[in-house]
Each structure stands twice: as structure tokens, then as C-alpha cells.
2 protein chains.
Amino acid sequence: MDRQECESLLMRHGVKSTPNRVIVAEALSEAREPVSLSELEEKIVSIDKSGIFRTLALFRGHHLVHVIDDGSGSARYELCHSEDEHDDDDQHLHFYCEVCRRTFCLSEVPVPEISVPQGYEVTSTNFVLHGICPECSRK
Amino acid sequence: MDRQECESLLMRHGVKSTPNRVIVAEALSEAREPVSLSELEEKIVSIDKSGIFRTLALFRGHHLVHVIDDGSGSARYELCHSEDEHDDDDQHLHFYCEVCRRTFCLSEVPVPEISVPQGYEVTSTNFVLHGICPECSRK
DNA sequence: TGCATTTTGCAACCGTGTTGCATGAAGTTA
DNA sequence: TAACTTCATGCAACACGGTTGCAAAATGCA
């Protein structure tokens with residue numbers, strides 16, 4: 001996703017475009033896997049971590065990114081694929097490799113239907129499988 | 001679970017019984033919901049947090065407790081129900097209430113079967129639903 | 001009893017995440 | 001353009017959970 005596409009993405013989600021925000025959006029779109037705040041810090045040396053943090057918080061509020069807690073101790077962010085600002089349903093399962101400590105999106109695997117007991121109201125889900133990824137188990 | 005039951009639980013899992021460990025095991029068994037390290041600190045004033053931490057790490061290594069990451073920023077621990085030291089399959093879904101910030105065990109809900117893509121080896125799962133619990137949504 | 005080993009408490013530390021504050025940029029009005 | 005307001009940003013400091021080093025205390029054993 002190039003600069004212009006990122007800018008229009010921001011607009012569509014009601015986020016005012018600034019140079020920093022475009023940089024963060026580009027970095028997110030370039031990442032194949034969900035990225036942590038510290039990984040973004042490494043990647044984007046021109047912006048202070050508080051700026052990246054605040055940008056991510058803003059993005060989150062506008063449903064531009066969602067957060068995955070893979071148990072690694074730091075949250076990971078990825079761009080929402082859905083264009084609908086209020087649709088959080090582009091969720092999918094994630095796989096955390098305990099060897100290489102990377103988090104994979106299991107896009108192919110359908111998200112299981114869960115029927116919760118009466119009274120519980122579900123707003124989002126966080127399904128993470130832990131184990132060893134193909135690359136690491138081959139060794 | 002009283003002191004003696006806790007002691008025998010430790011033994012069965014190959015953990016040497018000490019006064020502190022029994023105290024931690026009792027606290028865990030008394031908790032209805034998975035508890036965090038800081039909650040244990042509050043509950044057990046007689047033991048330093050490093051001691052509680054090390055005890056939990058020991059318990060984890062002997063499959064006496066398992067860890068749930070509910071996204072609240074701190075891990076939560078609960079006693080394994082399975083007696084088999086090598087059986088981690090007493091896992092169940094958890095529900096994190098965003099209002100009261102408590103974590104519930106959804107014991108009744110079956111854990112969904114996930115068929116992962118070829119090559120991935122799953123060792124454990126962490127399925128957490130976020131939303132509003134019956135108690136909070138009633139208000 | 002003396003010795004080796006384990007357990008524990010204390011204090012310090014690390015990293016992620018978060019906030020206060022002052023500066024700086026951008027937009028608005030006259 | 002100048003004066004003003006609003007928003008975005010960088011810097012530094014902080015909060016917190018988690019973790020470790022180390023020395024003292026407790027335990028087990030010869």
C-alpha cells in the first residue's frame with residue numbers, strides 16, 4: 001500500500017491524515033504478520049514511541065487496526081481488512097510459535113462459532129493457538 | 001480444599017510441599033475465577049511477590065496450574081483440574097468482562113475443534129471472549 | 001552436629017505501556 | 001498578514017507486571 005492509498009484509507013475511516021499517521025499506516029500495511037509496538041519503533045526511527053502509541057490508539061478507536069494478544073507479553077497490531085468502520089468481524093485465528101516467537105494469521109481456518117451461555121454479550125474474540133510453526137518444526 | 005488436600009495435591013504432581021507452596025495452592029483453590037499475580041499478592045500478605053511468582057512458575061512446570069492471558073495485561077492462573085500431570089486438556093474457554101474486568105471460566109461451553117493447516121503443531125490454546133458479563137449487562 | 005542443598009525475602013532491575021507538559025505545526029478568522 | 005485557536009508531536013518521566021541476583025534462613029541428610 002503506497003502513500004496515497006494509506007492516505008485514502010485514513011480518510012475513509014475518518015482519521016485526519018498527517019505525515020506521521022501515513023508512515024505508521026504504511027508500516028502496518030507492509031508487515032506480513034501482526035507487529036508489536038516495539039517492532040514498529042525499530043522500523044520507524046523518525047517517530048517517538050509515544051507518537052506511534054498514540055497513533056495506534058487513534059487507529060484502534062477508528063477500527064483501522066485491531067489488537068491481538070498472543071501471550072508474548074506485548075500486544076500486536078494489524079490493519080483491519082474490512083472497510084466497514086463498524087465491522088470488527090474480519091477476525092481470524094492466530095498462531096504463536098513458541099520457538100521463533102512469531103505470530104501468524106491463520107486466515108484459512110474458519111473462526112469457530114461459539115454459543116455462549118445466556119446473558120453473556122460478546123463484543124470481540126481473541127483465539128490464539130500456541131505451538132511450533134512449520135518452519136521451526138522442520139528443523 | 002484444605003491444607004492436607006493441598007499437600008497431597010502437591011505430592012501427586014511431584015512438587016515438594018513447603019508452607020508457602022501450600023498457602024499459594026490454597027489461595028488458588030479458593031479463588032472462583034482465575035487470579036492474577038497481583039491479586040495473589042493482595043490475598044497472601046505473608047509471602048513476597050517474588051516467592052509467589054516462583055511458586056507459580058514451579059506449579060506451571062509441574063502442570064499444577066495453567067495460565068490464561070485474558071488481555072487485561074496480566075496473566076491469570078488457575079489450578080488444573082486434571083490429575084494427570086501430562087494432561088493439559090482441561091482447558092476451557094474464558095470470558096473477560098470489559099466492565100467489571102473479571103475473567104470467567106465458561107466450563108459448560110465445549111472447546112471448539114480447530115483443524116490447523118499442515119505443519120503447525122499445537123501445544124496449547126488460549127481462547128478468550130471479550131464482552132459484557134450477565135451481571136454487568138443487567139445494570 | 002556439621003555440611004550441602006533448597007527455599008525464601010529483599011531489593012533492584014527490565015521492558016511495555018502510558019501520561020504531562022511544552023513546543024511546534026496547521027488551520028481559522030479578521 | 002497577524003493574532004489566535006486547535007491539534008499533533010517529541011521528550012521525559014512514570015506506572016506496572018514480571019523477573020532476577022544475592023544473601024540469609026530453612027531444610028534434609030550424613
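Proteins come first, then strands; the chains are lettered A, B, ... in the order of their sequence lines, and each starts at number 1.
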Task: Donor-acceptor side-chain pairing of A/R12 and A/S8 below 3.5 angstrom - done: yes
Task: Whole-Å distance separating the CD atom of A/E41 from the P atom of C/dT18 - done: 13 Å
Open item on the list: Distance check needed: C/dG17 C1' versus A/L40 CG, whole Å only.
Closed with: 14 Å
TODO: Please tell me which of B/R76 and A/I47 maps to the more 5' nucleotide of DNA chain D, matching each residue to the nucleotide holding its nearest heavy atom.
DONE: A/I47
Task: Atom-pair distance (CG on B/L58; C1' on C/dT6), nearest Å - done: 11 Å
- [ ] Could you check whether A/S46 gets within reach of a base, just the sugar-phosphate, or nothing at all, counting any heavy atom under 4.0 Å?
- [x] sugar-phosphate
- [ ] Mind calculating the distance between CZ (A/R21) and C1' (D/dA8) to the nearest angstrom?
- [x] 7 Å
Open item on the list: Whether B/N20 contacts D/dA26 is assessed here as follows: a side-chain N or O lying under 4.0 Å from the phosphate OP1 or OP2. Is that the case?
Closed with: no
TODO: Write down the distance between CD (B/E39) and P (D/dG17), rounded to a whole number of angstrom.
DONE: 10 Å
Open item on the list: Does the plane of the ring in B/F104 sit parallel, tilted or perpendicular to the ring in A/Y120? Use 30° and 60° as the thresholds.
Closed with: perpendicular
- [ ] Check the side chains of B/H94 and B/E78 for a donor-acceptor pair under 3.5 angstrom, ignoring hydrogens and angles.
- [x] yes
Task: Donor-acceptor contact below 3.5 Å, side chain B/E42 vs main chain B/E39 - done: no
Open item on the list: If we ignore hydrogens and angles and just use 3.5 Å, is the side chain of B/N126 paired with the main-chain N or O of B/D69 as donor and acceptor?
Closed with: yes
Open item on the list: Just to be sure I understand the rule, does B/A75 reach a base, reach only the sugar-phosphate, or reach nothing, if contact means heavy atoms closer than 4.0 Å?
Closed with: sugar-phosphate
Open item on the list: Expressed as a whole number of angstroms, how long is the span from A/I23:CD1 to D/dG10:C1'?
Closed with: 14 Å
Open item on the list: Angle between the end axes of the helix from C/dT1-D/dA30 to C/dA30-D/dT1, five pairs per end, to the nearest 10 degrees?
Closed with: 10°
- [ ] Measure from the side-chain heavy atoms of B/K16 and tell me the nearest of D/dG18, C/dT6, D/dG10.
- [x] C/dT6
- [ ] Fit a plane to each ring of A/H66 and A/H92, take the angle between them on a 0 to 90° scale, and name the class: parallel (under 30°), tilted (30 to 60°) or perpendicular (over 60°).
- [x] perpendicular
Task: Options D/dT20, C/dT16, C/dT18, nucleotide nearest the side-chain atoms of A/F53 - done: C/dT18
- [ ] Return yes if the base of D/dC16 and the side-chain atoms of B/S38 contain a donor-acceptor N/O pair under 3.5 Å, otherwise no.
- [x] no
- [ ] Answer with base, sugar-phosphate or nothing: what part of the nucleic acid does B/S17 contact at a heavy-atom distance below 4.0 Å?
- [x] nothing
Task: Side-chain H-bond candidate by donor/acceptor type, A/D70 with A/S72, under 3.5 Å - done: yes
Task: Any donor-acceptor N/O pair under 3.5 Å between D/dC11 base and A/S50 side chain - done: yes
TODO: Please state how far atom CD1 in B/I52 lies from atom P in D/dT19, giving the value in whole angstrom units.
DONE: 14 Å
Task: Whole angstrom value for the distance that separates P of C/dG17 from NZ of A/K49 - done: 9 Å
TODO: Go through D/dG18, C/dT7, D/dT9 for me and flag the one nearest to the A/T18 side chain.
DONE: D/dT9
Task: Nucleotide nearest A/D48 when distance is taken to its side chain, options D/dG17, C/dT16, D/dG10 - done: D/dG10
TODO: Determine whether any donor atom in the side chain of A/R54 lies under 3.5 Å from an acceptor atom in the base of C/dG17, or the reverse, and answer yes or no.
DONE: no
Open item on the list: Looking only at the side chains, is there a donor atom on one of A/N20 and A/T18 sitting less than 3.5 Å from an acceptor on the other?
Closed with: no
